[in-house]
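Working notes, beginning with the structure itself.
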Amino acid sequence: MGPLLRTVELFYDVLSPYSWLGFEVLCRYQNIWNINLQLRPSLIGGIMKDSGNKPPALLPRKGQYMANDIKLLRHHFQIPIQFPKDFFAVIIEKGSLSAMRFLTAVSLEHPEMLEKVSRELWMRVWSRAAEKAGMSAEQAQGLLEKISTPKVKNQLKETTEAACRYGAFGLPITVAHVDGQTHMIFGSDRMELLAYLLGEKWMGPVPPAVNARL
Amino acid sequence: MGPLLRTVELFYDVLSPYSWLGFEVLCRYQNIWNINLQLRPSLIGGIMKDSGNKPPALLPRKGQYMANDIKLLRHHFQIPIQFPKDFFAVIIEKGSLSAMRFLTAVSLEHPEMLEKVSRELWMRVWSRDEDITEPQSILAAAEKAGMSAEQAQGLLEKISTPKVKNQLKETTEAACRYGAFGLPITVAHVDGQTHMIFGSDRMELLAYLLGKREVDGPCASSGECQTLRLPGGSKLFV
(Lines give C-alpha, C1' and ligand atoms only; values in the text may rest on other atoms or scores of the structure.)
Protein backbone atom coordinates (compact mmCIF):
# COMPACT_ATOMS: atom_id res chain seq x y z
CA MET A 1 0.00 0.00 0.00
CA GLY A 2 3.03 2.32 -0.51
CA PRO A 3 3.15 5.11 -3.04
CA LEU A 4 4.61 2.81 -5.67
CA LEU A 5 2.23 1.97 -8.50
CA ARG A 6 2.19 -1.77 -9.15
CA THR A 7 1.56 -3.08 -12.65
CA VAL A 8 -1.23 -5.60 -12.96
CA GLU A 9 -1.69 -7.20 -16.38
CA LEU A 10 -4.96 -8.83 -17.37
CA PHE A 11 -4.77 -11.27 -20.27
CA TYR A 12 -8.28 -11.89 -21.61
CA ASP A 13 -10.43 -12.99 -24.51
CA VAL A 14 -14.01 -11.77 -24.96
CA LEU A 15 -14.95 -15.36 -25.66
CA SER A 16 -14.21 -16.18 -22.03
CA PRO A 17 -17.02 -15.39 -19.55
CA TYR A 18 -14.75 -15.50 -16.53
CA SER A 19 -12.48 -13.03 -18.32
CA TRP A 20 -15.39 -10.59 -18.28
CA LEU A 21 -15.88 -11.05 -14.56
CA GLY A 22 -12.18 -10.59 -13.79
CA PHE A 23 -12.06 -7.59 -16.13
CA GLU A 24 -14.94 -5.77 -14.45
CA VAL A 25 -13.58 -6.37 -10.95
CA LEU A 26 -10.15 -5.08 -11.91
CA CYS A 27 -11.67 -2.08 -13.69
CA ARG A 28 -13.64 -1.31 -10.54
CA TYR A 29 -10.56 -1.59 -8.34
CA GLN A 30 -8.07 0.22 -10.58
CA ASN A 31 -9.06 3.54 -9.02
CA ILE A 32 -9.24 2.14 -5.50
CA TRP A 33 -6.03 0.17 -5.38
CA ASN A 34 -2.62 1.59 -6.18
CA ILE A 35 -2.27 -0.31 -9.45
CA ASN A 36 -1.57 0.35 -13.09
CA LEU A 37 -3.98 -1.95 -14.92
CA GLN A 38 -2.68 -3.12 -18.29
CA LEU A 39 -5.24 -4.83 -20.51
CA ARG A 40 -3.79 -7.53 -22.79
CA PRO A 41 -6.15 -8.85 -25.48
CA SER A 42 -5.21 -12.51 -26.09
CA LEU A 43 -6.52 -15.52 -27.95
CA ILE A 44 -7.83 -18.25 -25.69
CA GLY A 45 -7.75 -20.71 -28.59
CA GLY A 46 -4.03 -20.15 -28.93
CA ILE A 47 -3.46 -20.73 -25.24
CA MET A 48 -5.47 -23.94 -25.27
CA LYS A 49 -3.47 -25.20 -28.22
CA ASP A 50 -0.11 -24.27 -26.73
CA SER A 51 -0.81 -25.77 -23.31
CA GLY A 52 -2.55 -28.94 -24.44
CA ASN A 53 -5.67 -27.97 -22.53
CA LYS A 54 -9.30 -28.09 -23.72
CA PRO A 55 -12.25 -25.77 -23.13
CA PRO A 56 -13.80 -26.93 -19.83
CA ALA A 57 -17.33 -26.89 -21.25
CA LEU A 58 -16.44 -29.84 -23.47
CA LEU A 59 -16.78 -32.01 -20.35
CA PRO A 60 -20.56 -32.23 -19.84
CA ARG A 61 -20.56 -31.85 -16.07
CA LYS A 62 -18.21 -28.88 -16.24
CA GLY A 63 -20.44 -27.26 -18.88
CA GLN A 64 -23.46 -27.77 -16.65
CA TYR A 65 -21.58 -26.36 -13.69
CA MET A 66 -20.49 -23.29 -15.65
CA ALA A 67 -24.07 -22.56 -16.72
CA ASN A 68 -25.25 -22.52 -13.10
CA ASP A 69 -22.15 -20.74 -11.89
CA ILE A 70 -22.58 -17.90 -14.37
CA LYS A 71 -26.21 -17.49 -13.28
CA LEU A 72 -25.14 -17.03 -9.66
CA LEU A 73 -22.17 -14.83 -10.41
CA ARG A 74 -24.36 -12.52 -12.50
CA HIS A 75 -25.98 -11.42 -9.29
CA HIS A 76 -22.99 -11.63 -7.02
CA PHE A 77 -20.76 -9.61 -9.38
CA GLN A 78 -23.57 -7.39 -10.69
CA ILE A 79 -22.63 -8.01 -14.32
CA PRO A 80 -25.44 -8.76 -16.84
CA ILE A 81 -23.77 -11.94 -18.06
CA GLN A 82 -25.78 -14.77 -19.54
CA PHE A 83 -25.07 -17.83 -21.61
CA PRO A 84 -25.66 -17.40 -25.36
CA LYS A 85 -28.56 -19.54 -26.59
CA ASP A 86 -26.30 -21.70 -28.72
CA PHE A 87 -23.16 -21.83 -26.62
CA PHE A 88 -21.31 -24.33 -28.79
CA ALA A 89 -21.94 -22.50 -32.04
CA VAL A 90 -21.03 -19.11 -30.61
CA ILE A 91 -18.11 -19.99 -28.38
CA ILE A 92 -16.58 -23.18 -29.67
CA GLU A 93 -17.26 -22.94 -33.38
CA LYS A 94 -17.34 -19.23 -34.26
CA GLY A 95 -14.58 -18.13 -31.90
CA SER A 96 -13.16 -14.66 -31.46
CA LEU A 97 -10.26 -14.14 -33.86
CA SER A 98 -11.56 -10.98 -35.56
CA ALA A 99 -12.80 -9.49 -32.29
CA MET A 100 -9.46 -10.00 -30.55
CA ARG A 101 -7.56 -8.68 -33.56
CA PHE A 102 -9.83 -5.64 -33.46
CA LEU A 103 -9.09 -5.13 -29.77
CA THR A 104 -5.39 -5.54 -30.51
CA ALA A 105 -5.67 -2.77 -33.11
CA VAL A 106 -7.48 -0.62 -30.52
CA SER A 107 -4.73 -1.33 -27.99
CA LEU A 108 -2.12 -0.17 -30.50
CA GLU A 109 -3.86 2.94 -31.80
CA HIS A 110 -6.46 4.05 -29.26
CA PRO A 111 -5.52 2.38 -25.95
CA GLU A 112 -7.75 4.78 -24.03
CA MET A 113 -10.76 3.12 -25.78
CA LEU A 114 -9.67 -0.44 -25.02
CA GLU A 115 -11.67 -0.86 -21.82
CA LYS A 116 -14.93 0.38 -23.31
CA VAL A 117 -14.66 -1.49 -26.58
CA SER A 118 -13.77 -4.72 -24.78
CA ARG A 119 -16.84 -4.29 -22.60
CA GLU A 120 -19.09 -3.73 -25.60
CA LEU A 121 -17.82 -6.88 -27.26
CA TRP A 122 -18.54 -8.89 -24.11
CA MET A 123 -22.00 -7.34 -24.06
CA ARG A 124 -22.57 -8.60 -27.60
CA VAL A 125 -21.42 -12.15 -26.93
CA TRP A 126 -22.30 -12.62 -23.28
CA SER A 127 -25.23 -10.26 -22.72
CA ARG A 128 -27.77 -8.33 -24.71
CA ALA A 129 -27.19 -6.38 -27.91
CA ALA A 130 -24.32 -3.92 -27.88
CA GLU A 131 -24.63 -0.27 -27.10
CA LYS A 132 -22.31 2.24 -28.64
CA ALA A 133 -18.87 2.35 -27.05
CA GLY A 134 -18.44 5.94 -28.09
CA MET A 135 -16.17 5.26 -31.03
CA SER A 136 -16.94 7.18 -34.20
CA ALA A 137 -17.91 5.20 -37.30
CA GLU A 138 -14.76 6.33 -39.08
CA GLN A 139 -12.53 5.34 -36.18
CA ALA A 140 -14.15 1.92 -36.00
CA GLN A 141 -13.97 1.36 -39.74
CA GLY A 142 -10.35 2.43 -39.83
CA LEU A 143 -9.48 -0.06 -37.14
CA LEU A 144 -11.45 -2.83 -38.78
CA GLU A 145 -9.37 -2.40 -41.90
CA LYS A 146 -6.26 -2.97 -39.83
CA ILE A 147 -7.16 -6.31 -38.29
CA SER A 148 -5.59 -8.37 -41.04
CA THR A 149 -2.35 -6.41 -41.14
CA PRO A 150 0.84 -8.24 -40.07
CA LYS A 151 1.35 -5.69 -37.29
CA VAL A 152 -1.94 -6.47 -35.59
CA LYS A 153 -1.77 -10.20 -36.23
CA ASN A 154 1.71 -10.37 -34.76
CA GLN A 155 0.84 -8.27 -31.74
CA LEU A 156 -2.05 -10.61 -30.87
CA LYS A 157 0.26 -13.58 -31.36
CA GLU A 158 2.93 -12.04 -29.13
CA THR A 159 0.48 -11.17 -26.37
CA THR A 160 -0.92 -14.69 -26.45
CA GLU A 161 2.60 -16.10 -26.30
CA ALA A 162 3.40 -13.84 -23.35
CA ALA A 163 0.42 -15.32 -21.52
CA CYS A 164 1.73 -18.81 -22.31
CA ARG A 165 5.17 -17.90 -20.97
CA TYR A 166 3.53 -16.79 -17.74
CA GLY A 167 2.14 -20.34 -17.57
CA ALA A 168 -1.42 -19.84 -18.82
CA PHE A 169 -3.52 -22.90 -19.64
CA GLY A 170 -6.68 -20.82 -20.03
CA LEU A 171 -7.99 -17.30 -19.46
CA PRO A 172 -8.28 -14.97 -17.68
CA ILE A 173 -4.86 -14.70 -16.10
CA THR A 174 -3.89 -11.75 -13.93
CA VAL A 175 -0.18 -11.06 -13.60
CA ALA A 176 0.80 -8.89 -10.63
CA HIS A 177 4.25 -7.36 -10.41
CA VAL A 178 4.88 -6.72 -6.71
CA ASP A 179 8.16 -6.08 -4.89
CA GLY A 180 10.27 -7.49 -7.68
CA GLN A 181 8.17 -10.66 -7.85
CA THR A 182 5.75 -11.80 -10.50
CA HIS A 183 2.59 -13.68 -9.57
CA MET A 184 0.29 -15.27 -12.15
CA ILE A 185 -3.25 -15.89 -10.94
CA PHE A 186 -5.74 -17.86 -13.00
CA GLY A 187 -9.47 -17.20 -13.06
CA SER A 188 -11.77 -14.54 -11.72
CA ASP A 189 -12.20 -16.11 -8.28
CA ARG A 190 -8.84 -15.23 -6.80
CA MET A 191 -9.21 -11.48 -6.47
CA GLU A 192 -8.98 -11.72 -2.69
CA LEU A 193 -5.63 -13.49 -3.07
CA LEU A 194 -4.56 -10.72 -5.46
CA ALA A 195 -5.53 -8.12 -2.85
CA TYR A 196 -3.49 -10.04 -0.28
CA LEU A 197 -0.44 -10.05 -2.56
CA LEU A 198 -0.84 -6.33 -3.23
CA GLY A 199 -1.36 -5.56 0.44
CA GLU A 200 -4.68 -3.97 -0.50
CA LYS A 201 -8.16 -4.32 0.98
CA TRP A 202 -10.68 -6.60 -0.70
CA MET A 203 -14.24 -5.35 -0.50
CA GLY A 204 -16.00 -7.98 -2.60
CA PRO A 205 -16.74 -7.91 -6.33
CA VAL A 206 -18.79 -4.70 -6.08
CA PRO A 207 -16.73 -2.29 -3.96
CA PRO A 208 -18.74 0.56 -2.44
CA ALA A 209 -16.80 3.32 -4.19
CA VAL A 210 -18.06 2.16 -7.55
CA ASN A 211 -21.55 2.63 -8.92
CA ALA A 212 -21.80 -0.50 -11.02
CA ARG A 213 -24.27 0.43 -13.68
CA LEU A 214 -23.99 -1.88 -16.65
CA MET B 1 -29.27 -14.60 8.50
CA GLY B 2 -32.44 -15.84 10.17
CA PRO B 3 -32.65 -18.29 13.04
CA LEU B 4 -32.95 -21.23 10.65
CA LEU B 5 -29.89 -23.45 10.55
CA ARG B 6 -28.88 -24.13 6.96
CA THR B 7 -27.21 -27.39 6.06
CA VAL B 8 -23.90 -27.11 4.24
CA GLU B 9 -22.37 -30.37 3.02
CA LEU B 10 -18.70 -30.64 2.21
CA PHE B 11 -17.70 -33.56 0.00
CA TYR B 12 -13.95 -34.09 0.24
CA ASP B 13 -11.04 -36.47 -0.18
CA VAL B 14 -7.81 -36.09 1.84
CA LEU B 15 -5.94 -36.61 -1.43
CA SER B 16 -7.25 -33.25 -2.62
CA PRO B 17 -5.30 -30.19 -1.43
CA TYR B 18 -8.09 -27.76 -2.23
CA SER B 19 -10.40 -29.97 -0.19
CA TRP B 20 -8.21 -29.23 2.83
CA LEU B 21 -8.42 -25.51 2.22
CA GLY B 22 -12.21 -25.58 1.84
CA PHE B 23 -12.50 -27.82 4.90
CA GLU B 24 -10.53 -25.51 7.18
CA VAL B 25 -12.44 -22.42 6.04
CA LEU B 26 -15.80 -24.08 6.63
CA CYS B 27 -14.65 -25.44 10.00
CA ARG B 28 -13.63 -21.91 10.98
CA TYR B 29 -16.93 -20.44 9.85
CA GLN B 30 -19.23 -23.15 11.19
CA ASN B 31 -19.40 -21.40 14.56
CA ILE B 32 -19.69 -17.95 13.03
CA TRP B 33 -22.31 -18.59 10.39
CA ASN B 34 -25.68 -20.13 11.13
CA ILE B 35 -24.87 -23.40 9.39
CA ASN B 36 -24.93 -27.10 10.11
CA LEU B 37 -21.72 -28.36 8.53
CA GLN B 38 -21.96 -31.97 7.34
CA LEU B 39 -18.67 -33.58 6.37
CA ARG B 40 -18.95 -36.15 3.59
CA PRO B 41 -15.84 -38.31 3.01
CA SER B 42 -15.76 -39.18 -0.72
CA LEU B 43 -13.43 -40.73 -3.27
CA ILE B 44 -12.05 -38.28 -5.79
CA GLY B 45 -10.94 -41.15 -8.02
CA GLY B 46 -14.53 -42.32 -8.29
CA ILE B 47 -15.74 -38.84 -9.19
CA MET B 48 -13.10 -38.47 -11.88
CA LYS B 49 -14.09 -41.80 -13.37
CA ASP B 50 -17.80 -41.10 -13.29
CA SER B 51 -17.54 -37.63 -14.80
CA GLY B 52 -14.94 -38.39 -17.45
CA ASN B 53 -12.60 -35.82 -15.94
CA LYS B 54 -8.87 -36.18 -15.22
CA PRO B 55 -6.70 -34.92 -12.35
CA PRO B 56 -5.67 -31.37 -13.37
CA ALA B 57 -2.03 -31.99 -12.48
CA LEU B 58 -1.74 -34.38 -15.41
CA LEU B 59 -1.60 -31.29 -17.65
CA PRO B 60 1.93 -29.93 -17.10
CA ARG B 61 1.03 -26.25 -16.96
CA LYS B 62 -1.84 -26.90 -14.57
CA GLY B 63 0.49 -28.95 -12.34
CA GLN B 64 2.99 -26.11 -12.32
CA TYR B 65 0.26 -23.62 -11.53
CA MET B 66 -1.05 -25.74 -8.66
CA ALA B 67 2.42 -25.96 -7.12
CA ASN B 68 2.74 -22.16 -7.05
CA ASP B 69 -0.86 -21.66 -6.06
CA ILE B 70 -0.57 -23.95 -3.03
CA LYS B 71 2.57 -22.05 -1.92
CA LEU B 72 0.66 -18.76 -1.96
CA LEU B 73 -2.50 -20.14 -0.41
CA ARG B 74 -0.50 -21.65 2.45
CA HIS B 75 0.12 -18.14 3.68
CA HIS B 76 -3.16 -16.59 2.67
CA PHE B 77 -5.22 -19.36 4.30
CA GLN B 78 -2.76 -19.97 7.15
CA ILE B 79 -2.75 -23.72 6.61
CA PRO B 80 0.63 -25.55 6.65
CA ILE B 81 0.01 -27.18 3.28
CA GLN B 82 2.85 -28.24 1.05
CA PHE B 83 3.35 -30.49 -1.93
CA PRO B 84 4.68 -33.97 -1.25
CA LYS B 85 8.13 -34.49 -2.77
CA ASP B 86 6.90 -37.15 -5.17
CA PHE B 87 3.46 -35.83 -6.04
CA PHE B 88 2.71 -38.42 -8.68
CA ALA B 89 3.63 -41.41 -6.53
CA VAL B 90 1.73 -40.15 -3.49
CA ILE B 91 -1.34 -38.63 -5.08
CA ILE B 92 -1.78 -40.32 -8.43
CA GLU B 93 -0.41 -43.80 -7.74
CA LYS B 94 -0.93 -44.56 -4.03
CA GLY B 95 -4.28 -42.85 -3.66
CA SER B 96 -6.52 -42.69 -0.62
CA LEU B 97 -8.91 -45.64 -0.64
CA SER B 98 -8.11 -47.00 2.85
CA ALA B 99 -7.95 -43.52 4.36
CA MET B 100 -11.35 -42.53 2.97
CA ARG B 101 -12.87 -45.85 4.03
CA PHE B 102 -11.49 -45.23 7.51
CA LEU B 103 -13.04 -41.76 7.57
CA THR B 104 -16.29 -43.29 6.39
CA ALA B 105 -16.16 -45.71 9.35
CA VAL B 106 -15.46 -42.74 11.65
CA SER B 107 -18.44 -40.87 10.19
CA LEU B 108 -20.68 -43.87 10.89
CA GLU B 109 -19.50 -44.70 14.41
CA HIS B 110 -17.80 -41.61 15.89
CA PRO B 111 -18.97 -38.64 13.81
CA GLU B 112 -17.81 -36.22 16.51
CA MET B 113 -14.22 -37.30 15.69
CA LEU B 114 -14.55 -36.90 11.94
CA GLU B 115 -13.21 -33.34 11.75
CA LYS B 116 -10.09 -34.05 13.80
CA VAL B 117 -9.22 -37.36 12.14
CA SER B 118 -9.69 -35.84 8.68
CA ARG B 119 -7.34 -33.02 9.63
CA GLU B 120 -4.65 -35.41 10.92
CA LEU B 121 -4.76 -37.36 7.65
CA TRP B 122 -4.28 -34.12 5.68
CA MET B 123 -1.45 -33.14 7.98
CA ARG B 124 0.25 -36.44 7.12
CA VAL B 125 -0.07 -36.39 3.34
CA TRP B 126 -0.29 -32.68 2.58
CA SER B 127 1.93 -31.19 5.26
CA ARG B 128 4.53 -33.63 6.55
CA ASP B 129 4.72 -35.80 3.38
CA GLU B 130 3.89 -38.96 5.33
CA ASP B 131 2.12 -42.08 4.14
CA ILE B 132 -1.63 -42.51 4.59
CA THR B 133 -2.08 -45.90 2.93
CA GLU B 134 -0.60 -48.29 5.53
CA PRO B 135 -2.65 -49.38 8.57
CA GLN B 136 -0.04 -47.95 10.97
CA SER B 137 -0.24 -44.61 9.21
CA ILE B 138 -4.00 -44.42 9.59
CA LEU B 139 -3.84 -45.53 13.23
CA ALA B 140 -1.22 -42.86 13.95
CA ALA B 141 -3.47 -40.18 12.49
CA ALA B 142 -6.47 -41.39 14.49
CA GLU B 143 -4.49 -41.45 17.73
CA LYS B 144 -3.09 -37.98 17.07
CA ALA B 145 -6.69 -36.84 16.70
CA GLY B 146 -7.42 -38.11 20.17
CA MET B 147 -8.75 -41.59 19.53
CA SER B 148 -7.64 -44.42 21.79
CA ALA B 149 -5.62 -47.20 20.17
CA GLU B 150 -8.53 -49.61 20.76
CA GLN B 151 -11.09 -47.32 19.15
CA ALA B 152 -8.84 -46.71 16.17
CA GLN B 153 -8.02 -50.39 15.76
CA GLY B 154 -11.70 -51.30 15.94
CA LEU B 155 -12.56 -48.87 13.17
CA LEU B 156 -9.64 -50.01 11.06
CA GLU B 157 -10.95 -53.57 11.15
CA LYS B 158 -14.25 -52.33 9.72
CA ILE B 159 -12.90 -50.65 6.60
CA SER B 160 -13.32 -53.77 4.45
CA THR B 161 -16.88 -54.46 5.56
CA PRO B 162 -19.66 -54.09 2.98
CA LYS B 163 -21.32 -51.44 5.16
CA VAL B 164 -18.34 -49.10 5.04
CA LYS B 165 -17.48 -49.82 1.42
CA ASN B 166 -21.05 -49.13 0.36
CA GLN B 167 -21.35 -45.97 2.39
CA LEU B 168 -18.25 -44.52 0.72
CA LYS B 169 -19.63 -45.55 -2.65
CA GLU B 170 -22.98 -43.92 -1.89
CA THR B 171 -21.45 -40.68 -0.69
CA THR B 172 -19.30 -40.51 -3.80
CA GLU B 173 -22.34 -41.16 -5.96
CA ALA B 174 -24.25 -38.44 -4.12
CA ALA B 175 -21.49 -35.99 -5.02
CA CYS B 176 -21.76 -37.11 -8.65
CA ARG B 177 -25.53 -36.56 -8.59
CA TYR B 178 -24.90 -33.03 -7.37
CA GLY B 179 -22.82 -32.61 -10.54
CA ALA B 180 -19.30 -33.04 -9.18
CA PHE B 181 -16.44 -33.43 -11.65
CA GLY B 182 -13.82 -33.04 -8.91
CA LEU B 183 -13.48 -32.15 -5.24
CA PRO B 184 -14.11 -30.31 -3.02
CA ILE B 185 -17.76 -29.55 -3.58
CA THR B 186 -19.79 -27.58 -1.09
CA VAL B 187 -23.53 -28.09 -1.24
CA ALA B 188 -25.59 -25.38 0.45
CA HIS B 189 -29.27 -25.92 1.18
CA VAL B 190 -30.82 -22.48 1.43
CA ASP B 191 -34.47 -21.43 1.21
CA GLY B 192 -35.55 -24.66 -0.44
CA GLN B 193 -32.81 -24.40 -3.06
CA THR B 194 -29.67 -26.44 -3.46
CA HIS B 195 -26.45 -24.84 -4.67
CA MET B 196 -23.37 -26.88 -5.55
CA ILE B 197 -20.13 -24.89 -5.46
CA PHE B 198 -16.88 -26.38 -6.69
CA GLY B 199 -13.47 -25.59 -5.23
CA SER B 200 -12.17 -23.71 -2.23
CA ASP B 201 -12.16 -20.30 -3.89
CA ARG B 202 -15.87 -19.59 -3.87
CA MET B 203 -16.45 -19.08 -0.17
CA GLU B 204 -17.45 -15.49 -0.75
CA LEU B 205 -20.13 -16.66 -3.16
CA LEU B 206 -21.24 -19.19 -0.54
CA ALA B 207 -21.47 -16.39 2.02
CA TYR B 208 -23.53 -14.39 -0.46
CA LEU B 209 -25.92 -17.32 -0.95
CA LEU B 210 -26.22 -17.75 2.80
CA GLY B 211 -27.09 -14.09 3.07
CA LYS B 212 -23.89 -13.05 4.77
CA ARG B 213 -22.62 -9.63 3.91
CA GLU B 214 -19.61 -9.72 6.18
CA VAL B 215 -16.91 -12.18 5.26
CA ASP B 216 -13.58 -11.84 6.96
CA GLY B 217 -11.52 -13.83 4.50
CA PRO B 218 -10.10 -17.32 4.91
CA CYS B 219 -8.78 -16.56 8.41
CA ALA B 220 -12.23 -15.56 9.72
CA SER B 221 -10.93 -12.76 11.90
CA SER B 222 -10.77 -9.03 11.53
CA GLY B 223 -7.08 -8.87 12.33
CA GLU B 224 -4.21 -10.46 10.54
CA CYS B 225 -3.31 -14.04 11.27
CA GLN B 226 0.21 -13.84 12.61
CA THR B 227 0.58 -17.44 13.68
CA LEU B 228 -1.10 -20.48 12.34
CA ARG B 229 -4.06 -21.10 14.51
CA LEU B 230 -6.09 -24.22 13.94
CA PRO B 231 -9.60 -24.63 15.28
CA GLY B 232 -9.29 -25.87 18.84
CA GLY B 233 -6.69 -23.24 19.64
CA SER B 234 -3.51 -25.19 18.95
CA LYS B 235 -0.86 -23.13 17.26
CA LEU B 236 1.48 -24.18 14.51
CA PHE B 237 4.56 -22.20 13.66
CA VAL B 238 5.88 -22.24 10.14
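Side chains included, hydrogens not; waters and symmetry mates left out as well; all remaining heavy atoms used. Below, read A as the first sequence line, B as the second, and so on, with proteins coming before strands; counting in each chain starts at 1.
- Counting heavy-atom pairs closer than 4.5 Å to chain B, the top residue among A/Leu72, A/Leu197, A/Asn68 is A/Leu72.
- Interface with chain B: from residues 174-187 of chain A, residues A/His183, A/Met184, A/Ile185, A/Phe186 qualify, criterion being any non-hydrogen pair under 4.5 Å.
- Side-chain contact check for A/Arg190 versus B/Leu73: some heavy-atom pair is nearer than 4.5 Å.
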Go through the steps for A/Asp69 and B/Leu205 under the test side chain to side chain contact (heavy atoms under 4.5 Å, CB included), then give the verdict. CA-CA 10 Å; A/Asp69 194 39; B/Leu205 179 64; 4.2 Å; yes

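- Across every non-hydrogen atom of B/Glu204 and A/Gly204, the tightest pair is OE2-CA, 3.1 Å.
- The OH atom of A/Tyr65 sits 14.5 Å away from the OH atom of B/Tyr178 when rounded to the nearest 0.5 Å.
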Return all side-chain donor-acceptor pairs below 3.5 angstrom for residues 52-62 of chain B, not counting sequence neighbours, or 'none' if the list is empty.
| from | atom 1 | to | atom 2 | distance (Å) |
| --- | --- | --- | --- | --- |
| B/Asn53 | ND2 | B/Phe181 | O | 2.8 |
| B/Arg61 | NH1 | A/Asp50 | OD2 | 3.4 |
| B/Arg61 | NH1 | A/Ala168 | O | 2.8 |
| B/Arg61 | NH2 | A/Asp50 | OD2 | 2.5 |

